[in-house]
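One-based numbering along the sequence shown.
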Amino acid sequence: MNAQFPVAVRIAAVSLVRDRLRNGHEIALLDLREEGPFAAAHPLFAVNLPLGRIEERIGGLVPRRDAPIVLYDDGEGRVARALPVLAALGYTDVSVLEGGLEGWREAGGEVFIDVNVPSKAFGELVEHVRGTPSIAAGELHARLERGEDIVILDARRFGEYNTMSIPTARSVPGAELALRVRDLAPSPDTTVVVNCAGRTRSIIGTQSLVNAGIPNPVFALRNGTIGWTLAGLQLDHGATRRAGAPSAHNVARARAAARSLAHRAGVREIGRTALDLLAAQAGRTLYRLDVRSPEEYETEHLKGFRSAPGGQLVQATDEWIGVRHGTIVLADDDGVRARMTGHWLRQLGWREVYVLHDWAALPRATGPEPVVLAAPLPEVETVGVLELAAELETPHAPVVIDLAPSPTFRRGHVPGAVFAIRSDLPAQAWEKGAGIVLTSPDGLGARIAAPDLHKQGVPVRVLAGGTRSWHDAGLPLETGLDENRALSRADDVYKRPYEGTDNATAAMQAYLDWEFGLVAQLERDGTHGFTVLEDVPCQS
C-alpha cells in the first residue's frame with residue numbers, strides 16, 4: 001500500500017490512460033480540484049469533479065459502479081481523501097494517475113486551459129476542415145444598418161441570450177436551429193447569421209444548417225458577442241425574443257435532413273427492446289439523455305432520461321457524461337434534435353450513439369430532472385428558517401456556513417453567513433462547542449456535508465430547505481462575498497471571459513487567441529479521435 005493513501009490503490013500509468021482514450025475503451029479521468037485550478041491546466045478529456053461534490057455529481061457522471069475511474073489532483077492530497085468516499089459509494093475499479101497532473105506533463109501529455117475544451121477544440125477543427133462561413137461584426141452591423149434581409153439566431157441557452165445579445169437576434173439554442181430555421185427564414189434569399197458568446201456554438205450552429213442543406217446564405221458571427229464588443233458595438237440586454245412553433249411541413253423537411261446526416265455519421269436508431277438490452281449489458285456505461293428544451297422536459301419526459309438540451313450537450317458534453325467512450329442514447333419527440341445532436345457527438349469521437357425513435361409504451365414522468373445521488377442522504381439535525389432567524393438575533397448565535405458556489409453566494413446568502421468550500425471544512429479549527437448551521441442553495445449539499453463536521457465533534461445542524469427556503473419565507477438576503485471572512489478561496493467557479501457583462505477587453509481577446517490555437521494542440525495531444533464529416537451538402 002502506498003503510504004500517502006488510506007487504502008491500497010492501483011496506479012494508472014499515463015501511457016495506459018492515453019491508450020484507453022485512443023482505442024475507444026471506457027475511462028473516466030476525474031480531476032478532483034475546484035473548477036478554477038482545473039481551468040488553469042488539465043488533460044483534454046479530464047472531467048472536473050471537485051472532492052466536495054463527489055456524492056452530489058458522480059451518480060450522473062459515472063452511473064456504472066464498476067466503470068474504470070482514474071483520479072488525479074496536483075499534489076493537494078485530494079485523491080487520498082476521495083478514495084474512501086468512492087469505495088463507500090460502491091465504485092470498485094478506481095485507480096490513481098501516476099504522478100498526478102505533474103506526472104501527466106512529465107510523460108509528455110498535452111495540458112489544456114479553460115473548460116469544456118473537447119467541444120471548443122472540436123469546433124475549431126470543424127471550421128478548419130469545413131471552412132465554415134463567417135461574417136465579421138463590423139460587416140454584419142453595416143448590413144443591418146442598410147436594412148438588408150438578415151435573421152440573427154443566438155445559439156446559446158436562453159439565460160445567456162437574455163443577459164446580452166446582438167441587436168435583433170432571436171434565441172434559438174443550438175439543437176433547435178435545424179428544426180426551426182425554415183420558419184424563421186422562409187425565403188431562401190434571407191441571410192441567416194448564427195452567434196454565441198465566442199466561437200464554438202456559432203461555428204457548430206452554422207455548420208449544422210449547412211449540413212442540413214438549407215438554401216439560405218448562412219454565416220457564423222465571427223467571435224460572437226465578444227467580437228461584437230471588441231468592434232466597439234453595443235449589445236442588447238434583457239431581450240426575450242424566441243422562436244415560435246415550427247410548421248409540420250418544415251419539421252418533416254428538417255427530419256429528413258437530420259435522418260440522412262445521422263445515418264452518414266454512424267448514429268444508430270433503436271426502440272424499447274434494444275434500449276432494454278443496452279441497459280442490461282454488463283461492462284457498458286449508459287447515458288440516457290433528452291435533448292429537448294428544459295421546459296419541454298418538465299412538461300413530460302421518459303423515466304430514466306436526464307435533461308440535456310442538445311446544443312449544450314455538444315458544447316459541454318463533460319457536464320453530463322463522465323466516462324469517455326460510454327454509450328449515449330438520445331431522445332426527442334420530433335425526430336430532428338436528437339439526430340442533429342447525435343451526428344455531432346459521433347464526430348466528437350463517441351463511438352456508440354443511438355437515437356430512440358419510438359416513445360410508445362415507455363413510462364413517462366413530469367417535473368424537473370431528479371437529482372442523481374450515488375447514496376441515500378444522511379440523517380441530520382435540521383433547523384427551520386424562522387427558528388434560525390430568531391437564533392441569529394441572540395448573543396450566542398450560531399455560525400452559518402454556506403456551501404453554495406461562490407457566484408450564487410455573491411448573489412444572495414443568509415445575512416452574516418460565511419462562504420466555504422466543503423472540502424475545506426475538515427481543515428478548519430473550530431471553537432469547542434461552537435454551533436454551526438450549514439446551508440446550500442437547496443440544502444442538499446449541506447446535508448451531505450454535515451457528517452464531515454459531526455465526526456469532528458462539532459455541533460452541526462442543516463438549514464431545512466437550504467437558502468432557497470430562507471428566501472421563500474420572505475427573509476432578507478445579503479449580497480457580496482467578504483474574502484476576509486470566507487473560509488475558502490473563491491476558486492470553485494472559473495470566470496468565463498465570454499459570460500456576463502463586465503469582461504475586460506484584454507481577457508476577451510486572450511480567450512479568442514487561445515481558441516485559435518486549439519487545432520494545433522489537438523494534433524500534439526493525439527487522443528481526441530475527432531472526425532469531421534465532409535461528404536455533406538456545401539453552401540451554394
Would you indicate whether the side-chain heavy atoms of Glu56 and Ile448 approach each other to under 4.5 Å?
yes

Lys/Arg N to Asp/Glu carboxylate O, Arg272 vs Asp358, below 4.0 Å:
no

Pairwise distance CD(Glu515) to CG(Asp114) - rounded to 0.5 angstrom
7.5 Å

Just do the side chain to side chain contact (heavy atoms under 4.5 Å, CB included) check on Leu153 and Leu184 with the steps written out, would you?
CA-CA 9 Å; Leu153 307 180; Leu184 295 170; 3.8 Å; yes

State whether Arg255 and Asp334 are salt-bridged, where the test is any N-O pair (Lys NZ or Arg NE/NH1/NH2 against Asp/Glu carboxylate O) under 4.0 Å.
no

Interatomic distance, Asp154 atom CG to Leu221 atom CG [nearest 0.5 angstrom]:
9.5 Å

Min side-chain heavy-atom separation Leu44-Glu110 under 4.5 Å
no

Give the intermediate values and the outcome of salt bridge (charged side-chain N to carboxylate O under 4.0 Å, His left out) for residues Arg78 and Asp74.
CA-CA 9 Å; Arg78 289 171 174 252; Asp74 198 17; over 6 Å; no

Under 3.5 Å, is there a donor-acceptor pair between the Arg18 and Thr527 side chains?
no

Whether the Asp66 and Thr92 side chains hold a donor-acceptor pair (N or O, under 3.5 Å, no angle test) is what I'd like checked.
no

All heavy atoms of Pro246 vs all of Arg180, minimum pair found to be CD-NH1, 3.1 Å

Side-chain heavy atoms of Trp104 within contact of Val111, under 4.5 Å
yes

Where Pro43 and Phe112 come nearest, the two heavy atoms and their spacing:
C-CD1, 4.3 Å

Test item: Ile421 and Leu403 side chains (from C-beta on) under 4.5 Å apart, heavy atoms:
no

Output yes when Asp19 and Arg22 qualify as a salt bridge under the 4.0 Å nitrogen-oxygen rule, no when they do not.
yes

With Glu369, the salt bridge (charged side-chain N to carboxylate O under 4.0 Å, His left out) member among Arg288, Lys303, Arg306:
Arg306

The reported gap from CG in Leu348 to CD1 in Ile321 (rounded to nearest 0.5 angstrom) is 10.0 Å

Do side-chain atoms of Arg105 reach the backbone of Gly100 as a donor and acceptor pair under 3.5 angstrom?
no

If we count only N and O atoms by modelled type, under 3.5 Å, do the side chains of Thr285 and Glu26 hold a donor and an acceptor together?
yes

Got a second to check how far Asn195's CG is from Ser202's OG, nearest 0.5 Å?
5.5 Å

Measuring only between side-chain heavy atoms, which start at C-beta, is Val62 closer than 4.5 Å to Leu49?
no

Derivation and outcome, salt bridge (charged side-chain N to carboxylate O under 4.0 Å, His left out), residues Asp93 and Arg10
CA-CA 9 Å; Asp93 188 358; Arg10 295 192 300 276; 2.5 Å; yes

Is there a donor in the side chain of Thr531 and an acceptor in the side chain of Gln347, or the other way round, less than 3.5 Å apart?
no

Pick out which of Phe45, Trp350, Phe530 makes a ring pair (Phe, Tyr, Trp, His ring centres under 6.0 Å) with Phe122.
Phe530

Hydrogens and angles aside, do Asn211 and Ser208 bring a side-chain donor and acceptor to less than 3.5 Å of each other?
no

Could you check Arg496 against Glu35 for salt bridge (charged side-chain N to carboxylate O under 4.0 Å, His left out), going step by step and ending with a plain yes or no?
CA-CA 11 Å; Arg496 282 85 165 148; Glu35 189 181 68; 2.7 Å; yes

Worked check of side chain to side chain contact (heavy atoms under 4.5 Å, CB included) between Leu97 and Val14:
CA-CA 7 Å; Leu97 182 64; Val14 171; 3.9 Å; yes

Nearest heavy-atom neighbours spanning Leu101 and Tyr72
N-CD1, 3.9 Å

When you compare the side chain of Val355 with that of Arg268, does any pair of heavy atoms fall below 4.5 Å?
no

Quick check on side-chain contact (heavy atoms from CB on, under 4.5 Å): which of Arg422, Arg57, Arg33 does Pro50 satisfy it with?
Arg57

What heavy-atom pair brings Gly342 and Val353 nearest, and what distance separates the two atoms?
CA-CG1, 3.9 Å

Do Ile69 and Val323 have side chains that get closer than 4.5 Å, going by heavy atoms?
no

Would you check if there is a donor-acceptor pair between the side chains of Asn116 and Asp318 at a distance under 3.5 Å?
yes

Return yes when atom NE2 of His25 has more than 12 non-hydrogen atoms of other residues, nucleotides or ligands closer than 6.0 Å, and no otherwise.
yes

Atom pair NZ (Lys120) and CG (Leu522), whose distance is rounded to the nearest 0.5 Å:
13.5 Å

Rounded to the nearest 0.5 angstrom, the CG-CG distance for Asn48 and Leu32 is 9.0 Å

Ignoring hydrogens and angles, state whether a donor on the side chain of Glu296 or Thr299 is under 3.5 Å from an acceptor on the partner side chain.
no

Carboxylate-amine/guanidinium proximity below 4.0 Å for Arg199 and Glu124
yes

Of all heavy-atom pairs between Asp332 and Ala338, which one has the smallest distance, and what is that distance?
OD2-N, 2.7 Å

Criterion ring-ring contact (aromatic ring centres under 6.0 Å, His included) on His301 and Phe305, from CA distance to verdict
CA-CA 7 Å; His301 58 267; Phe305 277 69; 8.9 Å; no

Determine whether the side chains of Ser406 and Asp492 contain a donor N or O and an acceptor N or O closer than 3.5 Å.
yes

Determine whether Glu269 and Arg339 satisfy the following criterion, salt bridge (charged side-chain N to carboxylate O under 4.0 Å, His left out), listing intermediate values before the conclusion.
CA-CA 9 Å; Glu269 301 200 6; Arg339 291 183 174 106; 2.7 Å; yes

I want to check something: taking the side chain as every heavy atom from C-beta on, are Arg170 and Val151 in contact at a cut-off of under 4.5 Å?
no

May I ask you to check whether Glu295 and Tyr297 show a side-chain donor-acceptor distance below 3.5 Å?
no

Is a side-chain donor-acceptor pair under 3.5 Å present for Thr132 with Thr206?
no

Is it possible for you to check whether Arg242 lies under 6.0 Å from the centre of the six-membered ring of Phe158, through NZ or CZ, and within 45° of that ring's axis?
yes

Tightest non-hydrogen contact, residues Leu286 and Leu275, listed as CD2-CD1, 4.4 Å

Polar contact flag, side-chain donor to acceptor under 3.5 angstrom, Gln312-Arg201:
yes

